[in-house]
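Encoded as structure tokens, the structure appears first; notes follow it.
Numbers restart at 1 for each chain; the letters A, B, ... are given by sequence-line order, proteins then strands.
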Amino acid sequence: MTPPFKRLLIANRGEIALRIMRTARELGIETVAVYSDVDRNALHVRRADRAVHIGGALPAESYLRGEHILAVAKDQGCDALHPGYGFLAENADFADACAGTSVTFLGPSPQAIRLMGDKVEARKAADSAGVPLVPGMKEDVQDIATLKQKAAEIGYPVMLKAAAGGGGKGIRIVESEDQLEDADRLARAEALAGFGDDRVYLEKLVSRPRHVEIQIMADQHGSVVHYGERECSVQRRHQKLLEETPCTVLTDELRAEMGEAACRLALEVGYVGAGTVEFLYSEGKFYFLEMNTRLQVEHPITEMCYGVDLVAEQLRIAAGGAVEQPRPSQGHSIEVRINAEDPETFLPSLGTITRLSTPGGPGVRLDAVLYRGLEVTPYYDSMLGKLIVHADDRPRAIARMRRALTEIRLLGVLTSIPACLRVLDDASFQAGDYDTGILDCIDRSVPIEIEELAALAAATARYRGTERIAAHDGAAQPVRPASRWVLIDRMEKLEQRPR
Amino acid sequence: MTPPFKRLLIANRGEIALRIMRTARELGIETVAVYSDVDRNALHVRRADRAVHIGGALPAESYLRGEHILAVAKDQGCDALHPGYGFLAENADFADACAGTSVTFLGPSPQAIRLMGDKVEARKAADSAGVPLVPGMKEDVQDIATLKQKAAEIGYPVMLKAAAGGGGKGIRIVESEDQLEDADRLARAEALAGFGDDRVYLEKLVSRPRHVEIQIMADQHGSVVHYGERECSVQRRHQKLLEETPCTVLTDELRAEMGEAACRLALEVGYVGAGTVEFLYSEGKFYFLEMNTRLQVEHPITEMCYGVDLVAEQLRIAAGGAVEQPRPSQGHSIEVRINAEDPETFLPSLGTITRLSTPGGPGVRLDAVLYRGLEVTPYYDSMLGKLIVHADDRPRAIARMRRALTEIRLLGVLTSIPACLRVLDDASFQAGDYDTGILDCIDRSVPIEIEELAALAAATARYRGTERIAAHDGAAQPVRPASRWVLIDRMEKLEQRPR
Amino acid sequence: MKYFTKIGDRERDFTFERQGGQLVAHTGDKTYHLDLSLVGDGTAFTLLVDGSSHDVVVDAVEAQTLVQVRGELVKVEVQDERERTASEVAGARVGGKRTVVASMPGIVAELSVQVGDAVEDGQTLLILEAMKMQNPIQAEGAGTVVKIHTQAGAAVANGAPLVDLDED
Amino acid sequence: MKYFTKIGDRERDFTFERQGGQLVAHTGDKTYHLDLSLVGDGTAFTLLVDGSSHDVVVDAVEAQTLVQVRGELVKVEVQDERERTASEVAGARVGGKRTVVASMPGIVAELSVQVGDAVEDGQTLLILEAMKMQNPIQAEGAGTVVKIHTQAGAAVANGAPLVDLDED
């Protein structure tokens, strides 16, 4: 089996760089990592075959330097480049720059990226492919009177969304007509500040929506297949926290309908490679939201159920291979994101990982860049890794995720793990009856029985320290716990020597 | 879904105790661990719901104390007991003792254990079930003249095996008639010393055999299914090191034939639960070796390919459930055993784990009791864990195992990991063309390019230490490396503070 | 000796004794039979409470103790009787200078006050950017800005002094 | 300064220099451009050799260095010039008392010699049982048993003295 490429540059960092590297290594493709000043010790550097320094800690000084990265790829003799997600992944100009070189860009054409990056144009394409849209306007309208009239037609509440936006950013909800003018002005200002483009468009606010997306894969020969859906409604601040597949409320008919719609859109725009069509789902209906022209963070749950390696498929298809009909989906898969953040407030948490042990056993996959000694810096996304489980059915998958999460030991930063446990324990989640509002409805504070246990453990550890010191010193001395325990450990080691 | 049992005592330690616990926890069954003096901190204790101390470090003082363990199970209100493998798993008297109580023993009947534990009786049962035997005698023969005559009939080389033996122990190879009398005397003495039973039997030595075994599952209603084979020919000192499924040389016809033979044997002896029928395979023929009346160490590779949880099946069937027809096997799975041993000499290695990081990513499963600080003691088996991979096909599974093994960091003891890498890199193994002699044919020394790299790394680390100390102290001072590096680390941390 | 724990505003106190080698804890009207064993390098423990097994990390950093158990991370303040008495004596604190420090490393995205400004309780002093998120740093009490240790655009380490306030 | 490494009986020596900030190693007729960075607590390194990335652990315990790289574990003896000179001076060693120590913890399954016995090079002194395996402990040179520190059935720690031999 000849590898589809000889040497692959991975223009990314973090867990996705590592994930791509693992598949490349298994396929016999050499990997070249790039790294910023603060990433010299990162796992994606240490696990690569080769590594090249590309600049400062700020993304603009390193991972966003498209021209420089492309030059590195050429210099290193790479015949392919994987952009991962974020950074250069949906940068049409960068894809353009690669197009004329010996370095194959692992993604769709610059045209497709550009089209889908413009939310107004993307809606138009979806519409002409016969993909249902949320009732609303497909175009930016500057005239406030027209805007008011359209909003009245659609019916309040409505949303104003940045045409160039994405990832949940630049969205304003308008409850009634008197709020519309102010909201329009603010939305345009935000859109301009955030995306350098002040166009906004109007959409109906779908009530209690679910976020359901379809994974597609298209080849260069005009064939497209889909790998079913991912349910991504568990979000905080419009950022996904937990994803699962299959979605509990999709019927086989609806799944087929959504899958076909996604494939039609891909064909409509001449899409090649892996892509995700995001839908809003509500009360048996689905509406086109946007198309992400890259690998998604949550792609592993699809891999677990369909027994497919989506990165391997990306590589195969970029080398001219034809898509293969997916095998039937088996069982249920859940992913949670392990972010360095306060589980109650979702504010970022920085620090150095001082203790780490990772989960194991059947049906557990960890895609993470965690290591003891890792310094979590403020420069990049807070996601440190993803924990993915697969099991025969949803209840078992939930139980397995709970089991795996509680096996993790991770100290040095706060993480999203407790928030994920709250979701798993929530009755609505367990019933499969939830929407994008679920996290707001869940009490994220620590359960009382855990508090009691923690208090007992902390007091006991403190007492035990004092007791041991007393036994060895002859009298109880107040000593700082942290250093004291190491001392006690040594004392006990001495006592426990084999007789 | 009601759990099949309420509370399960796990009468074992190490990775198998943890593995059973994980399934039980996911099924909502409470777990009770037992532990010896040296296992207070073991993972199987820390991950259990409850834990009970049962005695001293030596197995006879703790994990082999059947009566005491059964009393603990009753006292703790357990309604089931899982013996794992080893210790009490194939102890018919212990199964007998459980039989009259409220504690369900997770295994076959005492009769079945007793029958299969006696190799002569097991051969008789196999013969009457129409399972092919290695040409030889089914009975112990004391008379040396008869023995000589039989050996001549079978044809040299032959083997003398202890009737009460197992696990590769108590075997003598006899090349010619003049060695037979001495060999017989020695084999009986060894059998008596090792198993308290001096009976031996005669068998033809199968040339270049493979060790291939069939996983079966039988319910209380007279139904038996099989989950295909496991190829276990990679052995050192008759102990398995690496297992894979499917076996590269079995045709579908032969697989079906072996599976049916295994099921016939299970029916013949009224077997209930999980069991493994071991065969020798050579040149398109297979011969009954023995039946193991318990879960095997290498059961996970079957789980990976068949998408089944064999421990969950054991529990379900013990509670009266019916066996289910296995799904078709998908892809290829390999397991390697991570033993604390010298990879070149296979001698045990003891110590404390000082550094640990475990592999991740797609298709990787780690069943291990490793943690930083674990003291590997001389009291128990040297196996610290098992690494299992699954992939679409055998070449990818081999590449994945190589990738996962090289992701492991483990210091404090020597491990079998390098020996496993040698096997994966071996041309015969890669071609799937090997037998139980494979490990003797492989050069297990460190490859020259690794040596060169190690020398460079060691020298560079030493130089770098000296250089940094010189830079900070103004002059090069000879300092002990171990403590020096920590110091340098702190110095560099100070320098790298955010500007 | 008594041990006082505080989680949020919920306080629990514990006393311990040995009953024939067995460690016993009392809190309120509850009694627990304990077995605590240290694992590895001094912060991980395996704790049996009346036979129930708990794998805990108890990481004491300064006055604060972090407990990790069953996937949860709980901040616990622990004091023994002596420490409590000492802290009660020091408790009755009056005005004075207070230094606002960075609660995380980050980049100063915006500086909202100047030396001499009077600030109210909860007023934003500056915005600290970390991981693409804007985190307002607020005054925990009214006062006057007497010194600013940083500037807009600067990267600051965790715990770095940001602003000195003279409290009213 | 030269650095001498020895793996088994294969020796390699290295010299290092800085070329404009870049660390450069020379061995034989080969030259490597290096970048070495320390990870975490002081034994793990990430090493770039002419741009190739290697994740290594270099664990120095006494005179011996253990290097873990690509799943392999290699024992390397490292000496700098000074140490080599010192060891060469101390090298010419003559007879005397030698203590055989336990190379692993275990249980003394069998004691094969008594005080006063003359033993040959390679002769088994005792059997140490660990993990169900019998490990013969042999004399590394001829001599006379002058003291036995243990007894049959005793558990011994790693490095514990077992037998004193007076070498011929």
* Asked: What's the verdict on side-chain hydrogen bond (donor to acceptor under 3.5 Å, both in side chains) for A:R46 and D:S53, showing C-alpha distance, side-chain angles and the deciding distance?
  -> CA-CA 6 Å; A:R46 289 152 64 191; D:S53 178; over 6 Å; no

* Asked: Just wondering, more than 12 heavy atoms not from A:E67 lying within 6.0 Å of its CD?
  -> no

Give the table of side-chain donor-acceptor pairs shorter than 3.5 Å for residues 110-127 of chain D, with sequence neighbours excluded, one pair per line with atom names and distance.
{"from": "D:D117", "atom 1": "OD2", "to": "D:Q114", "atom 2": "N", "distance (Å)": "3.0"}
{"from": "D:D121", "atom 1": "OD1", "to": "D:G141", "atom 2": "N", "distance (Å)": "2.9"}
{"from": "D:Q123", "atom 1": "OE1", "to": "D:E120", "atom 2": "N", "distance (Å)": "2.9"}

* D:V39 pairs by side-chain contact (heavy atoms from CB on, under 4.5 Å) with which of A:L374, A:N41, A:L43? -> A:N41

* To do: Sort D:D50 into side chain, backbone, both or neither according to what part of it lies under 4.5 angstrom from a heavy atom of chain A.
  => backbone

* Which residues, numbered in order, of residues 50-66 of chain A come under 4.5 angstrom of chain D by heavy-atom distance? -> A:R50, A:A51

* Got a second to check how far D:T46's OG1 is from A:R40's CZ, nearest 0.5 Å? -> 3.5 Å

* To do: Let me know if A:D49 has heavy atoms under 4.5 Å from chain D in its side chain, its backbone, both or neither.
  => backbone

